[in-house]
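Since the structure comes first, as structure tokens, the remarks are kept for the end.
Reminder, nothing fancy here: chain letters follow the sequence lines and each chain counts from 1.
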Amino acid sequence: MPASKQQRKTDVLVELAKRRGIFWPSYEIYGGVRGLLTLGNIGFEIKRRLENLWIKYFVYSRNFQIIESPVIGPRPVYVASGHESQFTDKALKCEKCAAVFRADHLLSEAGIPIPEGASLQQIDEIVSTKGVKCPNCKGDFSKAFQWLLMFKTEIGAGTGEIGYLRPETAQGIFTEFKRLYVHGRSSLPMGVAQVGRVFRNEVSPRQGPIRLREFTIMEVEFFFDPDSNPGPSEENYLEHEIPVLTAEDQEKGVTGFRKIRVRDGVETGLFSSNWLPFFLVLTKRFLEALKIPEEAFRFREKLPSERAHYAKQLFDCEVLLESWGWTEVAGFAYRTDFDLSGHMRVSGEDMNVFISSSGRRMVPHVVEPSFGAERLLYALLEYSLRIEEDGRIRLSTPPYLSPFDVSVFPLLSKPDFVKKAAEVARMLGDFKVNFDDSGSIGRRYARSDEIGIPFAVTIDHQTFSDNSVTLRFRDTREQRRIEIGSLHAELSKLLSSPKPDV
RNA sequence: GCGGCGCUGGUCUAGCCUGGUUAGGACACCAGCCUUCCAAGCUGGGAAUCCCGGGUUCAAAUCCCGGGCGCCGCACCA
């Protein structure tokens with residue numbers, strides 16, 4: 001077996017990504033910064049198409065709103081959201097061996113319950129009165145310290161007004177809720193989406209493109225009234241099967257997942273809101289469109305101890321990756337009215353809405369599907385990567401998620417061939433065309449396959465006599481002769497993306 | 001954060017242990033020739049802060065110290 005077959009896909013992909021301009025570590029000339037990544041020409045386009053497909057599935061198909069809010073938020077926003085106090089690790093550092101522990105984990109493992117939101121002083125007191133020592137070396141701990149996972153900045157010159165870089169896009173939706181509700185014709189349910197950069201000052205980011213300090217989130221805040229809109233009015237989603245690993249199964253030590261028909265899950269009370277399984281089914285359709293294999297993703301219900309501070313119930317969508325195992329690519333949280341109530345309390349603005357059917361006023365509840373774009377991009381690339389027997393690399397991305405729509409090549413790099421090829425390339429101006437006339441035809445096909453361009457049009461001798469070209473398919477290397485006149489229509493058909501059917 | 005290992009043109013790497021010519025190769029790239037379909041060949045070419053800083057030495061890619069980044073394990077991952 002050739003060595004190339006035993007190569008890790010991760011290594012091949014990372015090498016390809018650097019060499020062909022998909023992604024690479026940022027600021028390398030200054031030594032690099034952990035957790036920051038630059039997307040190149042190819043990576044940018046694949047990610048942009050991935051985002052567009054997500055928008056098609058999660059925004060357009062449901063007629064949701066989509067907005068773009070600032071990356072910087074004033075401090076009160078993140079006081080109200082609970083991030084300033086909760087999106088933080090209180091940590092203890094051993095004075096002897098310098099190991100760092102999360103205070104809550106360390107103390108609860110030692111059988112000492114600590115009060116919710118304990119202050120640093122309280123933790124120091126507990127540590128000294130209970131005589132807690134470092135589990136590694138029995139050394140003493142220094143004073144507890146706080147590690148805030150949000151990036152902090154200052155708004156304005158010398159004003160001292162603290163701002164935070166957003167750790168999620170959600171708060172930019174919640175803070176605008178009153179206006180968005182009017183734009184949404186003052187009725188529930190209502191979905192508002194956002195795609196944008198978020199920032200998390202991770203203690204120790206690693207795993208290449210998987211754990212980043214700055215990345216792109218694609219999320220929907222879905223507002224509803226649990227009494228009058230407990231779930232979708234259509235019932236199609238109930239008949240779908242989804243791969244689920246429940247909290248109950250995990251507590252029993254089960255590690256696999258099982259296929260659950262949504263209707264059965266609903267009837268056994270698995271879901272705290274029926275909007276959760278609806279979005280899980282939509283996500284299953286989305287991952288199918290990404291060609292992530294059926295056995296390679298699952299929805300894992302998070303255990304109560306793993307849940308974010310705002311979540312009543314949380315499912316992660318995990319994709320199985322070669323190097324990192326089951327990896328979270330999306331989270332589905334039932335946030336209840338936690339966020340709007342928080343902003344109501346801190347800002348003093350009334351977030352209640354009037355429900356006509358019941359004549360009642362209430363603060364809307366929220367279910368939030370939230371996707372990490374870079375992780376999905378990586379998963380897409382890993383499951384698209386093909387390493388041929390002869391060592392050739394091919395990215396078998398779905399056509400609608402490829403960095404170019406089509407390559408156009410002259411068979412030979414002679415002036416008349418090149419001229420004709422340029423003409424055909426111009427004619428296909430509605431598509432993103434990769435025109436290449438350097439090297440041999442085989443080399444050009446290889447370069448084109450390597451970055452996943454699904455189709456190639458080649459101008460050959462016959463083109464000059466009957467105005468036909470060959471259309472080559474990346475995955476099969478099959479070639480079909482086609483009239484130049486029907487090329488546009490044929491490509492449009494081949495490049496169309498699927499529609500969510502939920 | 002802790003420990004181990006690593007870092008050399010765009011990519012992958014030889015050289016490092018045992019300090020000393022113009023830091024070698026493969027692939028990729030560019031130009032020309034050739035070429036009737038899958039990384040062919042020929043000729044020429046460009047391209048390297050040997051991760052950064054300091055130290056030892058007549059002399060450092062090579063030895064020592066500190067830092068950055070990467071990988072693996074531990075910890076962390078609202």
Between [N] ([atom2]) and [X] ([atom1]): distance, integer Å:
X	N	atom1	atom2	value
A:L13	B:C12	CG	P	13 Å
A:D390	B:A40	CG	C1'	14 Å
A:D11	B:U13	CG	C1'	15 Å
A:R213	B:C69	CZ	C1'	12 Å
A:I22	B:G10	CD1	P	18 Å
A:W324	B:C71	CH2	C1'	11 Å
A:K18	B:G70	NZ	P	11 Å
A:I29	B:G68	CD1	C1'	14 Å

Separation between the [atom1] atoms of [N] and [M], rounded to whole Å:
N	M	atom1	result
B:G68	B:A23	P	31 Å
B:A26	B:A47	C1'	15 Å
B:U11	B:C64	P	27 Å
B:U13	B:A28	C1'	14 Å
B:G20	B:G67	P	28 Å
B:A61	B:G24	P	14 Å
B:C50	B:C30	C1'	25 Å
B:C65	B:C5	P	11 Å

One character per nucleotide, please: for nucleotides 28-38 of chain B, 5' to 3', B when the base has a protein heavy atom closer than 4.0 Å, S when only the sugar-phosphate does, - otherwise. SSS---BBBBB

Base, sugar-phosphate or nothing for [X]? Non-hydrogen atoms, less than 4.0 Å.
X	result
A:F409	nothing
A:E168	nothing
A:L16	nothing

[N] pairs with which nucleotide, Watson-Crick or G-U wobble, both distances below 3.5 Å?
N	result
B:A40	none
B:C63	B:G55
B:U18	none
B:C71	B:G4
B:C27	B:G10

When A:Y30 and A:K302 are each assigned the nearest nucleotide of RNA chain B, the 5'-most assignment goes to A:Y30

Using the closest heavy atom to pick a nucleotide of RNA chain B for each, name whichever of A:G35 or A:P167 lands nearer the 5' end. A:G35

So, the side chain of A:Q313 versus the backbone of A:S272: is there a donor-acceptor pair under 3.5 Å, distance only? yes

Check whether any side-chain N or O of A:T216 sits under 3.5 Å from a backbone N or O of A:A373 as a donor-acceptor pair, and report yes or no. no

Is it true that [X] and [Y] have ring centroids separated by less than 6.0 Å?
X	Y	result
A:F223	A:F177	yes
A:F332	A:W275	no
A:F371	A:F58	yes
A:F417	A:F409	no
A:H309	A:F338	yes

Fit a plane to each ring of A:Y164 and A:Y78, take the angle between them on a 0 to 90° scale, and name the class: parallel (under 30°), tilted (30 to 60°) or perpendicular (over 60°). perpendicular

Just say parallel, tilted or perpendicular for the rings of A:H343 and A:F174, cut-offs at 30° and 60°. tilted

